[in-house]
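Right, one structure below, let's go through it.
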Amino acid sequence: DGRALRYCSIVQRKDPQLIELAVNKNIESLRYAEIPEDWFKMKVKATYVAYIYEFGIGRAQNLGKAKDLYSQAVQIGDTRAMVRLAYIYLEGRGTNRDYDNAYRLFNLAAESGNIEGLVMLGYMKENALSVNKDQDGAEQLYLRALSRSLDIEFKGNDPLRYKGGYAKAAYYLGKLYESLDSDSSAYTSISRSFLLLAAEQGYLEAQKALAKLSFEGKTGSRSFKDSLRWSVQSGRQGNLNSMFLAALHYDLGLGVNSDH
């Protein structure tokens, strides 16, 4: 699990083999690594170096340089570079927003087997970015991403079938179902179940969503115990709004004994 590098010792975070293992699973682990200097001169490490410049990790942020390095890596078929460059175009970071290029790159990554590419194709279809709004198409892409992450056949939308699948896909799917019919219970159960799949894997946005839904009583009955649980979980990840919501529970005795 690439996230494990975060909990390694300083010495281990400098180990090139451990770094390689971690970032192959999760490129965000570069935030916790001590990158060897020779990587900055190696073309095969262009995606890693680009990520460092994109977010200014141990170096001054340089989005132009990051974009150039990602573009080089895309040319040799690195799907992670495709995804990162697509995000730059999608968000307009250091360049003008370019939804067409973002969609093209996410699609290229997805066709090469990248799960994040599949998820973001669904996101763009759902939100009519570069293509016509297509919620059915988005649903299919999110489910395909979950299936691919678990290496199982794509079949139906039973949340239990996809337990442990790609958390971001489960979150987006849960939010999609929530938006389809917010005034009835048609999608209430399935929406909450997919959000729960993501939240249980530590996906911050899903934990925040469940805390809010449980506190307000949306998509099901109000449960202060559940809203406390998920506000504490997301607060532990550093989210300030979640910390405040958790404190409010203890202050007012919501779902727990009052504890000033």
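Computed from a prediction, not measured in an experiment: that's the story for all the values here.
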- Message: Atom CZ of residue position R3 - does it have more than 12 heavy atoms of other residues, nucleotides or ligands inside 6.0 Å?
- Response: no
- Might you work through the side-chain hydrogen bond (donor to acceptor under 3.5 Å, both in side chains) test for E54 and Y70, ending with a clear yes or no? CA-CA 10 Å; E54 181 185 356; Y70 283 138; 2.6 Å; yes
Looking just at side-chain N and O atoms, do [X] and [Y] make a donor-acceptor pair shorter than 3.5 Å?
| X | Y | value |
| --- | --- | --- |
| E28 | Y51 | no |
| N107 | R104 | no |
| S29 | R13 | no |
| Y172 | E126 | no |

Quick one: does any side-chain atom of [X] pair with a main-chain N or O of [Y] as donor and acceptor, under 3.5 Å?
| X | Y | answer |
| --- | --- | --- |
| S112 | L108 | yes |
| Q201 | G165 | yes |
| S231 | L228 | yes |
| Q207 | W230 | no |

Assess the pair [X] and [Y]: is the distance between their ring centroids shorter than 6.0 Å?
| X | Y | answer |
| --- | --- | --- |
| F106 | Y87 | yes |
| F224 | F215 | yes |
| Y103 | Y99 | no |

- Task: Determine, for K45 against E37, whether the closest basic-nitrogen to carboxylate-oxygen distance falls under 4.0 angstrom.
- Result: no
- Item | Residues forming a salt bridge (Lys or Arg N to Asp or Glu O under 4.0 Å) with R236, sequence neighbours excluded | none
